[in-house]
S.K.: 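Mind looking over this structure? Questions follow.
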Protein chains: 2
Amino acid sequence: MPDDRVDLLASVLPLAKALRRIEDAAAGAHGLTMWQYAVLLVVAAQPSGSQAELAARLDYSRNRLVADLDVLEARGLLVRRPGADRRTNELAATDDGVATMRAIQAAIHAGEDDLLSVLADDDRAELDRLLRLAGQAARQARETREVV
Amino acid sequence: MPDDRVDLLASVLPLAKALRRIEDAAAGAHGLTMWQYAVLLVVAAQPSGSQAELAARLDYSRNRLVADLDVLEARGLLVRRPGADRRTNELAATDDGVATMRAIQAAIHAGEDDLLSVLADDDRAELDRLLRLAGQAARQARETREVV
DNA sequence: TATTGTTATACTCTATAACTATA
DNA sequence: TATAGTTATAGAGTATAACAATA
């Protein structure tokens, strides 16, 4: 029986690249990178007790995070404060940071809607729901390292 | 009104990375890279009239394609033949190439099923269908450059 | 000894340009 | 001149290792 399944990556890779272009453009319009926006997004949702914790939440590198935080702090979008454990920095977004994050996010959502405008409304909602589940499964697979 | 939408990339990126790991592992078990497998997959489905045409079909670089074809040809998985236009190479997969491609593909599909085993059967089928549509939209957006 | 933030280094992937041969 | 294949070069993105300060 011939296998007419299409490898998922053949669909997911172009989709990821298109979404990446949308986020780069939206963040770039405010002089930020996609990762700097992601930092702002996560810290605005919940202040972080340390940079290491934030890196883990973002599935990002604690090394690369340093330079991004330098940029965000210099632009007044985020503040570093020494924590109780004096090795750590507590991180919080400023009002300016939250506003910038919201503006970028609005542009991203508009770009997503435009990209996927071929989908019917209920199909789009289903895609969002299923993608969230699949993304969650992928993150857990990464943690447990039980992938194949 | 607060925006509780989750950026699609936050789900798609981990998913793409997990799928990439699966394909790398499956192709690597046969001494190939993900792109070399992708070349084999596409050429087996339909022989190519030129390397440039193949690169376009794969949304891949014609430059990087050269070294990958060298490997596949040296391993007897694919043949280059001069075309009518003597600047071009016609490309076709060998029987060995098709068999190798099928073995890798089977491992990939097993890995995908394992990764997404948390999804119910009908949810999984819907994800496949919607991802195919979204991937198609992303590829077209890339062609027309009308993204945001 | 282990962990946090930090810096420096190396490696992979990708994008761009340039060369040749054919058209 | 334009295009195909090829090669070489440069850049971005990422991973790894090392360091000082603190626990």
Side-chain angles (χ1 to χ4, degrees), chain A residues 9 12-14 16-21 23-25 27-28 31-39 43 47-74 78-92 142 145, chain B residues 9 12-14 16-21 23-25 27-28 32-39 43 47-74 78-92 142-143 145:
Chain A
L9 191 58
V12 172
L13 210 54
K17 285 184 182 176
L19 292 171
R20 178 71 197 251
R21 280 196 299 273
E23 296 219 356
D24 281 342
L32 298 180
T33 68
M34 183 263 265
W35 279 113
Q36 287 160 7
Y37 156 72
V39 165
V43 170
S48 178
S50 78
Q51 296 181 192
E53 181 227 314
L54 177 61
R57 251 202 279 170
L58 284 167
D59 191 16
Y60 190 51
S61 155
R62 74 193 171 107
N63 307 328
R64 284 188 285 151
L65 184 57
V66 176
D68 291 323
L69 291 176
D70 288 346
V71 170
L72 293 173
E73 201 174 23
L78 175 146
V79 289
R80 273 193 263 226
R81 288 185 319 178
D85 180 337
R86 294 218 309 277
R87 291 173 301 181
T88 65
N89 290 330
E90 294 177 358
L91 306 170
R142 175 170 180 77
R145 290 286 174 205
Chain B
L9 191 58
V12 171
L13 210 53
K17 284 184 181 175
L19 292 171
R20 179 69 196 254
R21 280 196 300 272
E23 296 219 355
D24 281 341
L32 298 179
T33 67
M34 183 263 266
W35 279 115
Q36 288 159 5
Y37 156 72
V39 165
V43 170
S48 178
S50 78
Q51 297 182 192
E53 180 227 314
L54 176 61
R57 252 201 279 170
L58 283 168
D59 191 16
Y60 191 50
S61 155
R62 73 192 173 106
N63 307 328
R64 284 188 286 152
L65 184 56
V66 175
D68 291 323
L69 291 176
D70 289 346
V71 170
L72 293 173
E73 201 175 23
L78 175 147
V79 289
R80 274 194 261 226
R81 288 185 319 178
D85 179 338
R86 294 218 308 277
R87 292 172 301 181
T88 66
N89 289 331
E90 292 177 359
L91 306 170
R142 174 172 180 77
E143 281 169 17
R145 291 286 174 203

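Predicted model, so just to flag it, every value in this text is computed and none were measured.
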S.K.: Can you name the residues that form a salt bridge (charged side-chain N to carboxylate O under 4.0 Å, His left out) with B:Arg64, not counting sequence neighbours?
M.R.: none
S.K.: Flag the pair B:Glu90 / B:Pro47 as yes when at least one side-chain heavy-atom distance between them is below 4.5 Å, and no otherwise.
M.R.: no
S.K.: Please state how far atom CG in B:Asp68 lies from atom P in C:dT14, giving the value in whole angstrom units.
M.R.: 10 Å
S.K.: Mark up nucleotides 6-13 of chain D, 5' to 3', with B wherever a protein heavy atom is under 4.0 angstrom from a base atom, S wherever such an atom reaches only the sugar-phosphate, and - elsewhere.
M.R.: BB------
S.K.: Between the protein and nucleotides 21-23 of chain C, are there any N/O to N/O pairs under 3.5 Å, and if so, what are the atom names and distances?
M.R.:
unit_1 : atom_1 : unit_2  : atom_2 : d
C:dA23 : OP1    : B:Arg86 : N      : 3.3

S.K.: Taking side-chain hydrogen bond (donor to acceptor under 3.5 Å, both in side chains) as the test, write out the residues that go with B:Gln36, two or more places apart.
M.R.: B:Asp68
S.K.: Between A:Glu53 and B:Ser61, which is nearer to the 5' end of DNA chain C once each is assigned its nearest nucleotide?
M.R.: A:Glu53
S.K.: Among residues at least two apart in sequence or on other chains, which ones pass salt bridge (charged side-chain N to carboxylate O under 4.0 Å, His left out) with B:Arg20?
M.R.: B:Asp24
S.K.: For A:Gly49, does its backbone N or O pair with a side-chain atom of A:Glu53 as donor and acceptor, under 3.5 Å?
M.R.: yes
S.K.: Nearest 0.5 Å, please: how far is CG in B:Leu32 from CD in B:Glu23?
M.R.: 12.0 Å
S.K.: Starting at atom CG of A:Leu54, determine the distance to atom P of C:dT4, rounded to an integer number of angstrom.
M.R.: 13 Å
S.K.: My understanding is that only residues two or more places apart in sequence, or in another chain, count here; which of them pass side-chain hydrogen bond (donor to acceptor under 3.5 Å, both in side chains) with B:Glu73?
M.R.: B:Arg80
S.K.: Taking A:Val39 as the fixed residue, which of A:Val71, A:Leu91, A:Leu72 is the one that meets the side chain to side chain contact (heavy atoms under 4.5 Å, CB included) rule?
M.R.: A:Leu72
S.K.: Please report the distance, rounded to the nearest Å, between CZ in A:Arg81 and P in C:dT4.
M.R.: 19 Å
